[in-house]
Protein chains: 2
Amino acid sequence: MASGFISRNKQNIIYGLSLALLLLILKWLEWHFVVIQHSFEIYAGTIALLFTILGVWLATKLISRKEKTVVVEKAVYPDSSFILNKTELNRLRISSRELEVLQLMASGLSNQQIAEKLFVSLNTIKTHSSNLFLKLEVERRTQAVEKGKRLCLIP
Amino acid sequence: MASGFISRNKQNIIYGLSLALLLLILKWLEWHFVVIQHSFEIYAGTIALLFTILGVWLATKLISRKEKTVVVEKAVYPDSSFILNKTELNRLRISSRELEVLQLMASGLSNQQIAEKLFVSLNTIKTHSSNLFLKLEVERRTQAVEKGKRLCLIP
DNA sequence: TTCAAAATCACTCAAAAGGGTGAGCTTAAA
DNA sequence: TTTAAGCTCACCCTTTTGAGTGATTTTGAA
């Protein structure tokens with residue numbers, strides 16, 4: 001209860017205490033001012049300095065609570081309309097069956113699932129994908145998908 | 001060159017000007033003090049208040065907020081903006097490190113290559129990717145990439 | 001201070017993926 | 001008819017990936 005209140009209002013309490021401390025310093029300086037009677041500028045300057053520091057300190061304490069934000073810049077998907085790059089397709093000599101496999105690959109299917117979907121054996125899909133990787137000059141299906149999208153072979 | 005100097009030292013210049021302004025106010029208050037001869041506490045309080053505000057303002061201006069920045073570079077798809085779906089990211093409880101791994105996955109890197117790029121062990125990447133698959137409810141990296149793009153977690 | 005999440009790493013085991021080779025079968029072009 | 005390309009499939013072998021478990025350290029927030 002009490003400790004919860006303290007922890008919740010820690011900032012405010014610290015601020016209050018600091019203020020009190022500063023006022024004490026102020027009083028002490030005031031006394032000096034009365035005694036010495038000449039150091040008005042010093043007195044004012046000290047107050048200014050102290051409270052500037054207080055302000056900075058206070059602000060840093062309050063601001064450091066800021067949320068961690070994730071900022072991502074840049075670009076993708078102008079979207080909606082996809083135009084197959086037939087030129088590139090011909091240039092790389094990618095057959096229709098290979099393109100089909102690439103599309104299913106991009107949708108996240110395993111070779112086994114692709115084989116079932118196309119009613120052929122797993123080995124056939126392996127052959128297709130191997131040839132595909134050769135033609136696309138990649139080594140992994142994720143690379144193939146990435147390059148396929150980049151070259152507008154798949155949406 | 002002159003403008004460059006100004007823009008580079010804007011903060012300092014603003015601070016200097018503010019200080020000058022405050023000193024003017026100080027002088028004005030001092031004059032009042034001399035005239036009225038009774039408002040010492042008000043004078044000191046005003047100085048304290050003004051400089052506290054100055055300090056707070058200064059700190060907010062100067063202190064750079066702690067931000068975690070994840071920059072995704074994809075020169076391939078120019079001229080369109082990608083907006084990270086932070087809502088989905090939070091909903092699925094995907095951590096920043098996991099997102100990082102997903103991005104590298106999408107670019108076609110193997111776990112080993114990702115590990116080298118992030119200077120951690122292969123096992124660590126495996127753990128990250130496993131957790132990622134659980135959170136994305138997928139079983140393969142190609143599916144993860146596909147779903148990541150669909151949910152706007154990666155470009 | 002305490003607690004939970006995140007990040008790190010290790011280990012095992014099984015499944016999936018990939019490289020390489022060879023080989024039928026079909027179809028379209030030379 | 002010969003030839004080339006595409007599609008199909010098999011086998012072997014290695015690497016990669018993924019699941020499951022457990023552990024330590026770091027970090028951030030209450």
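Residue numbers begin at 1 in each chain, while the letters A, B, ... track the order of the sequences.
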ILVMFWY cluster, A/Leu134 and A/Val145 together (side-chain gap under 4.5 Å) = no
ask   = Is A/Leu122 linked to A/Leu118 within one hydrophobic cluster, defined over Ile, Leu, Val, Met, Phe, Trp and Tyr using a side-chain heavy-atom separation of less than 4.5 Å?
value = no
task = Check the distance between C/dG19's C1' and A/Glu137's CD and give it to me in whole angstrom.
result = 17 Å
query = How does protein contact run along nucleotides 3-18 of chain D, one letter per nucleotide 5' to 3', with B for base contact, S for sugar-phosphate only, - for none, heavy atoms under 4.0 Å?
reply = ---SSBBBB-----BB
ask   = Would you call B/Leu136 and B/Ile94 a side-chain contact if the rule is heavy atoms closer than 4.5 Å?
value = yes
ask   = Is there a donor-acceptor contact under 3.5 Å linking the side chains of B/Thr127 and B/Thr124?
value = no
task = Output yes when a side-chain donor or acceptor of A/Glu98 lies under 3.5 Å from a complementary backbone atom of A/Ser95, and no otherwise.
result = yes
